[in-house]
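Quick note: residue numbers are just sequence positions, from 1.
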Amino acid sequence: MVGKIAPSLMCVDLLNVERDIKLLEEAGVDYLHVDIMDNHFVPNITLSFDFIKSIKRITDIPLDVHLMINNPEESLQYLDMLTAGDIVCIHYESTIHIHRAIGMIKDLGVKVGLALNPGTPIGVIENLLPDLDMVLIMTVNPGFAGQKLIPSMLDKIEKLRALLNEKGYSEIEIEVDGNVSFDHAKLMYEKGADIYVGGSSSVFSKENSIVENCKRFREIIGS
């Protein structure tokens, strides 16, 4: 199994965004993870749809857009700049009409991701599996970078992989987000994760350069 790296743009130097993205291109990352928060679904505000438009102008790396907002179906029209290789991920808990919202994402012509908060059981996805390309396991409570990993989420990754295999959806990828450090990434890889949202504890660690950090990450996740 070969893992994929999705660096979190929450952690770039916002005064040097283009510089950091060029370094991520040099490192050959698979996605750029873009968090959009509304200060309601989660207690924080980050990045924006205009930020995504700007990123699209400077790189061809596919985007992994993570909408941590209430009623995301009301904002999907702002993502009409996305293309087939991109992912849009919404939270199961963010709308009472989750199937409708997923259908609207599919209509954008992009991949569909569904995120689960730490307290949300994996069983809620069963009736949605035919429409999903990816399931995101939040390994911390969403909203802020730099939080500690919730240990029980490692078992949740393993249980999700078993469920997907059992139901005949082994092609659905599992993404992990939240304190995906080098040490934790190894454990997540062993549990069956596919896509890794790397932040301040890995890709953007100050101990080495972005390129060197990504090289180390690749070695951990079998790339």
Shortest non-hydrogen separation from L14 to L47 and the atoms involved: CD2-CD2, 4.4 Å
Working for salt bridge (Lys or Arg N to Asp or Glu O under 4.0 Å), residues K106 and D133: CA-CA 10 Å; K106 290 176 73 72; D133 299 290; 5.6 Å; no
Heavy atoms from other residues, nucleotides or ligands near CG of D60 exceed 12 (cutoff 6.0 Å): no
Non-hydrogen side-chain atoms of E207 and N213 separated by less than 4.5 Å: no
Side chain proximity check, V135 to I122, heavy atoms < 4.5 angstrom: no
Transitive ILVMFWY side-chain link V203 to V197, under 4.5 Å: no
Residue K56 excluded, over 12 heavy atoms near NZ under 6.0 Å: yes
Donor-acceptor contact below 3.5 Å, side chain K53 vs main chain M81: no
Hydrophobic cluster identity match, F217 and L23, side-chain contacts under 4.5 Å: yes
From T95 atom OG1 to I102 atom CD1, the distance as rounded to the nearest 0.5 Å: 9.5 Å
Non-hydrogen atoms of N165 and S170 that approach each other most closely: OD1-CB, 3.2 Å
Validation row: E18, T59 side chains within 4.5 angstrom (heavy atoms): no
Exceeds 12 heavy-atom contacts within 6.0 angstrom, atom CG of N127: no
Backbone of I5 reached by a side-chain donor or acceptor of D30 within 3.5 Å: yes
Atom pair CG (D86) and CG (L32), whose distance is rounded to the nearest 0.5 Å: 9.5 Å
Approximate separation, where rounding is to 0.5 Å, of I221 CD1 and K186 NZ: 13.5 Å
Separation between CD1 of I96 and CD of E73, rounded to the nearest 0.5 Å: 8.5 Å
Test log, rule salt bridge (Lys or Arg N to Asp or Glu O under 4.0 Å), inputs K215 and E212: CA-CA 5 Å; K215 181 180 179 181; E212 291 169 331; over 6 Å; no
Nearest non-hydrogen partners of E93 and A115, listed with the distance: OE1-O, 3.9 Å
Any side-chain heavy-atom pair of I137 and M188 under 4.5 Å: no
pair H184-M153: side-chain heavy atoms closer than 4.5 Å: no
Same apolar cluster: L63 and V88, side chain cutoff 4.5 Å: yes
Within-4.5 Å side-chain heavy-atom neighbours: L164 and L129: yes
I55 versus I21, closest heavy-atom pair with distance: CD1-CD1, 3.3 Å
ILVMFWY cluster, F204 and V29 together (side-chain gap under 4.5 Å): yes
CD1-OH distance between I52 and Y78, expressed to the nearest 0.5 angstrom: 13.0 Å
Taking every non-hydrogen atom, the tightest pair across I90 and A101: CD1-CB, 3.6 Å
L154 to L187 - nearest heavy-atom pair and separation: CD1-CD1, 4.0 Å
M134 and D64, any side-chain heavy atoms less than 4.5 Å apart: yes
Flag, side chain of T139 to backbone of G178, donor-acceptor distance under 3.5 Å: yes
Within 6.0 Å of OH in Y31, more than 12 heavy atoms from elsewhere: yes
Min side-chain heavy-atom separation V110-L79 under 4.5 Å: no
